[in-house]
Colleague: 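Sharing a structure below in structure tokens format, with a few things to ask.
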Amino acid sequence: AQSVTQPDIHITVSEGASLELRCNYSYGATPYLFWYVQSPGQGLQLLLKYFSGDTLVQGIKGFEAEFKRSQSSFNLRKPSVHWSDAAEYFCAVGAAGYSTLTFGKGTMLLVSP
Amino acid sequence: EAGVVQSPRYKIIEKKQPVAFWCNPISGHNTLYWYRQNLGQGPELLIRYENEEAVDDSQLPKDRFSAERLKGVDSTLKIQPAELGDSAVYLCASSLDLGGSSYNEQFFGPGTRLTVL
């Protein structure tokens, strides 16, 4: 069975500083990997996804993520965080052939002035 | 184009009462999902529909939860009777699945926040 681990429950970053959110997955084949963002009272918005090919993927809002098969990781990065990035971030894995997602427990990002 | 619509957005009920959530997926999307998101957790799949057929309901607590997707469009998720532990956000998502081995993006609604007192 597939699983996702997000080891950081909360992260606080100063506005303008760089950000890296960690995600490790467990899946027997090549996974489909995703990062979603959820603002309070809102649904999930897709930031970026990895299916195959280039291991560095670009997403919306200036986010990027790098797939590292050897480390079973798919970490999310942003070079300069804005106050509006404060939200909860979820990493998810999907399997080829069907669309059901398995989510991690999320990382809450707090942005300090 | 409208996104996934869910109603109500918030619901407060007493335990042992019934409750129902409604979802209208994106027009043309054949696959519909219901997820439950407990506080501090990621969403967990309850049930997945392909058109009218429930193809994955292994995580749906069938003693008290039921769902339907008549005509393969809108869907309703019901809990009867509700328990304290059912307090959570219930998310609906939809996707257009064309078959094969490709992955099809899911689009999420804003969710219904249920509080059981």
Colleague: Tell me whether the centres of the aromatic rings in A:Tyr36 and A:Phe90 are closer together than 6.0 Å.
Modeller: no

Colleague: Which of the residues B:Glu44, B:Gln41, B:Arg113, B:Arg9 is involved in the greatest number of heavy-atom pairs with chain A at under 4.5 angstrom?
Modeller: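 So the answer, after comparing B:Glu44, B:Gln41, B:Arg113, B:Arg9, is B:Gln41.
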
Colleague: When only pairs under 4.5 Å are counted, which of B:Pro43, B:Gly109, B:Ala93, B:Cys92 shares the most heavy-atom pairs with chain A?
Modeller: B:Pro43

Colleague: Does any heavy atom of chain B fall under 4.5 Å from the side chain of A:Leu46, the backbone, both, or neither of them?
Modeller: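 Contact with chain B is through the side chain of A:Leu46 alone.
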
Colleague: Main chain of B:Asn30, side chain of B:Tyr49: is a donor-acceptor contact present, judged purely on distance under 3.5 Å?
Modeller: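 Checking the backbone N and O of B:Asn30 against the side chain of B:Tyr49, no donor-acceptor pair under 3.5 Å is found.
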
Colleague: Tell me whether B:Leu117 at atom CG has more than 12 heavy atoms from other residues, nucleotides or ligands lying less than 6.0 Å away.
Modeller: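 Atom CG in B:Leu117 is packed in, count exceeds 12.
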
Colleague: Between B:Gln6 and chain A, with a heavy-atom cut-off of 4.5 Å, which part of the residue counts as in contact: side chain, backbone, both or neither?
Modeller: neither

Colleague: Verify whether the ring centers belonging to A:Tyr25 and A:Phe34 lie closer than 6.0 Å.
Modeller: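 Here the rings of A:Phe34 and A:Tyr25 have centres that are no less than 6.0 Å from each other.
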
Colleague: Can you tell which part of A:Gln38 gets under 4.5 Å to a heavy atom of chain B, answering side chain, backbone, both or neither?
Modeller: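 Just its side chain gets close to chain B.
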
Colleague: Regarding B:Ser95 and B:Tyr33, do their side chains bring together a donor and an acceptor under 3.5 Å, going by distance alone?
Modeller: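 The answer is yes; a qualifying pair exists.
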
